[in-house]
Protein chains: 2
Amino acid sequence: MRIGEIADTAGTTTKTLRFYEDQGLLPPTERTPAGYRDYTPETVARIDFIRRGQAAGLTLAQIRRILDIRDRGQAPCDHVRDLLDARLTEIEQQLAGLAALRDTIAELRDQAARPEPELCNPDQVCRYL
Amino acid sequence: MRIGEIADTAGTTTKTLRFYEDQGLLPPTERTPAGYRDYTPETVARIDFIRRGQAAGLTLAQIRRILDIRDRGQAPCDHVRDLLDARLTEIEQQLAGLAALRDTIAELRDQAARPEPELCNPDQVCRYL
DNA sequence: CTGGACCTTCCAGTACAGGGGAAGGTCAAG
DNA sequence: CTTGACCTTCCCCTGTACTGGAAGGTCCAG
């Protein structure tokens, strides 16, 4: 299968596939005599895996590590569990920070909802911030 | 005041101040005969405003717009209110997305907590993802 | 007059995940 | 035999907010 065909099947672009190969997420393929990449259909499953990893908030570098472990013939389950754990902790922190930011901004916005421009002081740019 | 002095007072770096000037957040200063930037102490208030804007999650580009309005002699209150509104909507969406992601990952992780590597299928890289 | 602390400009790079587009090669159909 | 669709490599660009460092100028103390 040529790169455009694989890209269409997997719902991505040729640019992305070359980029993934460059980043070590996809192994270099066979080439046709003309130098065209020649993919096997199993590659689609690998691309799908990459997408699932992204959907779980993993970076391409983390996904590559999982694939590397797998490519060496080991089961990456433990590593995946650790990554998911770490990701979960990160997300909880992000959620807490974001909720706090929301409260801060909501308060600022409530004050800004009652415009009294005459109170604006040239020294402070905007009294709402 | 020289740039290092202002940077120390405002709790930032000389690099950042030159960057802000380059980005239009700080107006070009007077220069000493030697070519050194010569800041007025009021600059500190402007830097503080930038920091408050950042704390509210605004980008430097958005903060610059506020400062531009103010520098033209107008009250930026309405614009600030709109920005805070938009920011609030964004954050609510981020919060919802992040909470959904957390649930997804928590579920995956729970499955991964019970390792049964013999179920791993070579075709799917990792059954947990 | 020398050393160190400061200042200047400019160039490049960081992390992230690709996208845009040029210059050129290949292949099948009309 | 040429057109058009595909492919190749290559390098630069996106957005965000800086940071690092080189090469050179300035200022003040000792």
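Below, read A as the first sequence line, B as the second, and so on, with proteins coming before strands; counting in each chain starts at 1. Nothing here was measured: the structure is a model prediction, and the numbers come from that model.
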Visitor: Give the rounded distance in Å between these two atoms: CD1 of A/I63 and P of C/dA17.
Guide: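 Going from CD1 in A/I63 over to P in C/dA17 covers 8 Å.
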Visitor: With a non-hydrogen cut-off below 4.0 angstrom, is A/T59 in contact with a base, only sugar-phosphate, or nothing?
Guide: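 Counting heavy atoms under 4.0 Å across all strands, the contact made by A/T59 is with sugar-phosphate only.
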Visitor: Could you tell me the separation between the CG atom of B/D8 and the C1' atom of C/dC7, rounded to a whole number of Å?
Guide: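 Distance, rounded to whole Å: 14 Å.
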Visitor: Starting at the 5' end of DNA chain D, which residue's closest nucleotide do you reach first, B/R2 or B/Q54?
Guide: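 Of the two residues, B/Q54 wins.
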Visitor: Which whole-number value in Å describes the distance from A/L17 CG to D/dT9 P?
Guide: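 In whole Å, D/dT9 P lies 13 Å from A/L17 CG.
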Visitor: Nearest of C/dG19, D/dC18, C/dA17 to any side-chain atom of A/T16?
Guide: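 Shortest atom-to-atom distance from the side chain points to C/dG19.
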Visitor: Can you tell me the distance, in whole Å, between the CD atom of A/E5 and the P atom of C/dA28?
Guide: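 Checked: the CD to P distance equals 13 Å.
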Visitor: Between atom CD1 in A/I50 and atom P in C/dC16, what is the gap in whole Å?
Guide: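 So the CD1-P distance, A/I50 to C/dC16, works out to 16 Å.
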Visitor: Charged N to carboxylate O below 4.0 Å: is that the case for A/D85 and B/R109?
Guide: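 Counted as a salt bridge, because a side-chain N and a carboxylate O are separated by less than 4.0 Å.
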Visitor: Of the listed nucleotides (C/dT8, D/dG21, C/dA17), which one gets closest to any side-chain atom of B/K15?
Guide: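 The closest nucleotide is D/dG21.
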Visitor: Identify which nucleotide among C/dG25, C/dC7, D/dC18 has an atom closest to any side-chain atom of B/R18, counting heavy atoms from C-beta outward.
Guide: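 Of the options given, the side chain of B/R18 lies nearest C/dC7.
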Visitor: Mapping B/L60 and A/T14 to their closest nucleotides on DNA chain D, which lands nearer the 5' end?
Guide: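 So the residue in question is A/T14.
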Visitor: Among D/dC18, C/dT9, C/dA17, which is the nearest nucleotide to the side chain of B/R31?
Guide: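 Closest nucleotide among those given: C/dT9.
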Visitor: Near A/E107 CD, under 6.0 Å, is it more than 12 heavy atoms from other residues, nucleotides or ligands?
Guide: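 At most 12 heavy atoms, drawn from other residues, nucleotides or ligands, come within 6.0 Å of this atom.
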Visitor: Does B/R37 make a side-chain N or O approach to OP1 or OP2 of C/dT9 shorter than 4.0 Å?
Guide: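 Indeed, a polar side-chain atom of B/R37 lies that close.
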Visitor: Go through the steps to decide whether B/R87 and B/E90 satisfy the test salt bridge (charged side-chain N to carboxylate O under 4.0 Å, His left out), and finish with yes or no.
Guide: CA-CA 5 Å; B/R87 198 62 199 108; B/E90 276 175 33; 2.7 Å; yes
Visitor: Does A/T13 place a side-chain N or O at less than 4.0 Å from the phosphate oxygens OP1/OP2 of C/dG19?
Guide: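 Yes, A/T13 has a side-chain N/O under 4.0 Å of OP1/OP2 on C/dG19.
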Visitor: Out of C/dG18, C/dT8, D/dG25, which nucleotide sits closest to the side chain of B/Y36?
Guide: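 The answer is D/dG25, which lies nearest to the side chain.
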Visitor: Taking the basic N atoms (NZ, or NE/NH1/NH2) and the acidic carboxylate oxygens, is any pair closer than 4.0 Å for A/D78 and A/R81?
Guide: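 A/R81 and A/D78: salt-bridged.
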Visitor: What is the distance, rounded to the nearest whole Å, between atom CG of A/L26 and atom C1' of C/dA17?
Guide: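 After rounding, the gap between these two atoms is 14 Å.
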Visitor: Under the side-chain contact (heavy atoms from CB on, under 4.5 Å) criterion, do B/R2 and B/D38 qualify, and how do the steps go?
Guide: CA-CA 5 Å; B/R2 284 177 311 179; B/D38 192 9; 6.0 Å; no
Visitor: For the side chain of A/A34, starting at C-beta, report the closest nucleotide among D/dT9, D/dA17, C/dT26.
Guide: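 For A/A34, the side-chain atoms sit closest to C/dT26.
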Visitor: For the pair made of CG in A/D22 and C1' in D/dT8, what is the distance, rounded to whole Å?
Guide: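 So the CG-C1' distance, A/D22 to D/dT8, works out to 14 Å.
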Visitor: If you assign each of A/T32 and A/Y20 to its closest nucleotide in DNA chain C, which residue comes earlier from the 5' end?
Guide: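 That would be A/Y20.
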Visitor: Between atom CG in B/L58 and atom C1' in D/dG15, what is the gap in whole Å?
Guide: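 That distance rounds to 17 Å.
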